[in-house]
Amino acid sequence: MGIPKLNLKEFLNENKRYKILKRCEDTTIIKFPNGELLKILDDELLKIISNTGYNLETRLNEVKNLTGFANFSWPTMMLEDENIVKAYSIPYIPGVDFTDYYENIFDLASYANIHSQIENNIKAGNNTGIVFPDLCTTENIRITADGKVFFIDYDGLQIKQMPAVGFSDFLGTPREVLSEKYYDYKFGLFTKELDIKSAIFLYFVDVFGINLAAVNRINPETGRIVTLDEIFSIINLNDSDIQQKVWNYFNQQ
């Protein structure tokens, strides 16, 4: 049995008590009194998703084939308009998104706890056939009041043979991300290495407030290329072992 499918217009008419949480360029997110969220995609985004060869309905139904990955806000129903699935609902995860989290904590134990969970979530997702190209869009990570990490947002993921819709520009430019290390051109799929990159980038922005995508780019203030040594200097990272690990990571790209 797949995810329940309802008519979008009829559902909204019957459930008029809702609050619009966000209007993005291509989506609208609303919240109902019971805490459930509804994500409505515009026609352009739906077209982009369909151009991958797998429409939104197919992607949502694939959820039923994924097991062993608990910390994800799974879709509960999908809604169609003119026989096309254009929206889906997910449970609301109380807490804050990753951006609010990393701007408001300062102790190493909390950093370690959250990033350990992010890494475990990534591994569990990879084991079920998921790659998370949009993970560094930090609104896709929810952290509860008791410190549990959940991944949300389903429509853009790469699921088994289903290509992702795109990737977070937090990770860099298409030239930097769509390299052979991170993207398999033969099959048109991202590799799991991209998730490792996401985890490292999230850690650096969380702990040090620095996006590693700036490395090898021109600093507009100085006109010079940003180097790893400059990054190490800014964050006072003097441990040669850690420096070498970061160097090795960049040299392998």
Side-chain angles (χ1 to χ4, degrees), residues 2-3 24-27 39 41-75 78 84-86 88 90 98 115 117-141 149-203 211-213 216 248-253:
I3 299 173
C24 303
E25 181 179 351
D26 48 21
T27 60
K39 184 174 183 180
L41 286 63
D42 74 0
D43 291 341
E44 186 61 32
L45 180 55
L46 289 168
K47 181 179 179 181
I48 293 173
I49 292 174
S50 293
N51 286 343
T52 67
Y54 301 91
N55 61 26
L56 180 60
E57 181 174 358
T58 303
R59 288 176 175 274
L60 294 173
N61 275 322
E62 185 62 22
V63 169
K64 290 297 183 180
N65 299 322
L66 299 175
T67 59
F69 183 35
N71 290 353
F72 199 89
S73 186
W74 298 111
M78 49 188 171
I84 299 175
V85 172
K86 297 184 176 182
Y88 63 94
I90 59 174
F98 189 82
H115 285 278
Q117 290 186 66
I118 289 175
E119 182 179 343
N120 289 337
N121 282 6
I122 289 173
K123 289 179 180 177
N126 287 167
N127 288 338
T128 65
I130 301 175
V131 175
F132 305 90
D134 202 28
L135 185 63
C136 279
T137 300
T138 52
E139 294 174 345
N140 292 339
I141 303 174
V149 173
F150 285 83
F151 293 173
I152 65 173
D153 202 359
Y154 181 82
D155 50 86
L157 295 178
Q158 177 176 296
I159 307 166
K160 298 181 179 177
Q161 79 280 9
M162 298 183 183
V165 175
F167 63 88
S168 174
D169 57 10
F170 184 93
L171 295 173
T173 65
R175 181 182 63 81
E176 294 167 328
V177 176
L178 298 178
S179 65
E180 291 184 359
K181 179 176 182 179
Y182 303 119
Y183 192 76
D184 186 333
Y185 281 90
K186 179 178 179 181
F187 297 101
L189 298 172
F190 287 101
T191 68
K192 296 177 183 179
E193 291 290 334
L194 188 65
D195 287 340
I196 297 174
K197 179 172 185 172
S198 294
I200 293 172
F201 275 43
L202 286 171
Y203 180 78
N211 184 356
L212 289 180
N216 296 327
N248 289 343
Y249 166 77
F250 272 88
N251 288 336
Q252 291 171 9
Q253 295 189 79

Practice item. Could you pull out the closest heavy-atom pair between Phe190 and Leu178, with the gap in Å? Key: CE2-CD2, 3.7 Å

**Study point:** Value rounded to 0.5 Å, distance of OG in Ser50 from CD1 in Ile84
**Key:** 8.0 Å

Revision key, fill the gap. With sequence neighbours left out, the residues meeting side-chain contact (heavy atoms from CB on, under 4.5 Å) with Glu139 are Lys22, Asp97

Review point. What's the shortest heavy-atom distance between Lys86 and Leu56, and which atoms?
Key: C-CD2, 4.0 Å

Revision key, fill the gap. Heavy-atom closest pair (Leu45 atom, Asp42 atom, distance to 0.1 Å) is N-OD1, 2.8 Å

Review point. If you measure from CZ on Phe98 to SG on Cys136, what distance do you get to the nearest 0.5 Å?
Key: 8.5 Å

Review point. Listed by chain and number, what are the side-chain contact (heavy atoms from CB on, under 4.5 Å) partners of Glu25, not counting sequence neighbours?
Key: none

Exercise for review: Tell me, please, which residues at least two apart from Phe150 pass ring pair (Phe, Tyr, Trp, His ring centres under 6.0 Å).
Suggested key: none

Point to revise | For the student: nearest non-hydrogen atoms of Ile90 and Pro75, plus distance | key: CG2-CA, 3.7 Å

Review point. Donor-acceptor pair, Asp184 side chain versus Leu189 backbone, under 3.5 Å?
Key: no

Exercise for review: With the side chain counted from C-beta on, respond yes when Ile118 and His115 share a heavy-atom pair under 4.5 Å apart, and no when they do not.
Suggested key: yes

**Study point:** side chain to side chain contact (heavy atoms under 4.5 Å, CB included) assessment of Asp26 paired with Ile48
**Key:** CA-CA 11 Å; Asp26 48 21; Ile48 293 173; over 6 Å; no

Revision key, fill the gap. Applying side-chain hydrogen bond (donor to acceptor under 3.5 Å, both in side chains) to Lys39 and not counting sequence neighbours gives Asp153, Asp155

Practice item. Could you pull out the closest heavy-atom pair between Asn140 and Asp134, with the gap in Å? Key: ND2-O, 3.0 Å

Point to revise | Ile159 backbone acceptor or donor facing Arg59 side chain under 3.5 Å | key: no

Revision key, fill the gap. Distance col, row Leu212:CG vs Phe201:CZ, nearest 0.5 angstrom, shows 5.0 Å

Review point. Can you tell which of Val177, Val165, Leu171, Leu194 makes a side-chain contact (heavy atoms from CB on, under 4.5 Å) with Pro133?
Key: Leu194

Study note, to complete from the structure: Hits for ring pair (Phe, Tyr, Trp, His ring centres under 6.0 Å) against Tyr54, two or more places apart or cross-chain, chain-then-number order -> none

Point to revise | ring pair (Phe, Tyr, Trp, His ring centres under 6.0 Å) against Tyr185, all qualifying residues, sequence neighbours excluded | key: Tyr183

Check your understanding: Under 3.5 Å, is there a donor-acceptor pair linking the side chains of Thr58 and Asn55?
Key -> yes

Check your understanding: Is any side-chain heavy atom of Ser198 closer than 4.5 Å to a side-chain heavy atom of Phe170?
Key -> no

**Study point:** Residues that Lys160 engages under salt bridge (Lys or Arg N to Asp or Glu O under 4.0 Å), provided they are two or more places apart
**Key:** Glu62

Review point. What is the distance from atom CD of Glu180 to atom CD of Glu193, rounded to the nearest 0.5 Å?
Key: 13.0 Å

Exercise for review: Mind checking side-chain contact (heavy atoms from CB on, under 4.5 Å) for Asn127 and listing every partner two or more places apart, or none if nothing turns up?
Suggested key: none

Exercise for review: Report the distance from atom OG1 of Thr128 to atom CG of Asn126, rounding to the nearest 0.5 Å.
Suggested key: 8.0 Å

Review point. Listed by chain and number, what are the ring pair (Phe, Tyr, Trp, His ring centres under 6.0 Å) partners of Phe72, not counting sequence neighbours?
Key: Phe69, Trp74

Review point. Please, which pairs that meet salt bridge (charged side-chain N to carboxylate O under 4.0 Å, His left out) have at least one residue in residues 165-175, sequence neighbours excluded?
Key: none

Exercise for review: Report yes if the side chains of Ile141 and Leu202 come closer than 4.5 Å at any heavy-atom pair, otherwise no.
Suggested key: yes

Exercise for review: With sequence neighbours excluded, tell me which residues meet salt bridge (Lys or Arg N to Asp or Glu O under 4.0 Å) with Lys47.
Suggested key: none

Review point. What are the two closest heavy atoms between Leu157 and Val131, and how far apart are they?
Key: CD2-O, 4.0 Å

Check your understanding: Which residues pass the side-chain hydrogen bond (donor to acceptor under 3.5 Å, both in side chains) test with Glu119, sequence neighbours left out?
Key -> Lys123

Check your understanding: Nearest 0.5 Å, what's the CD-OG1 distance between Gln161 and Thr52?
Key -> 10.0 Å

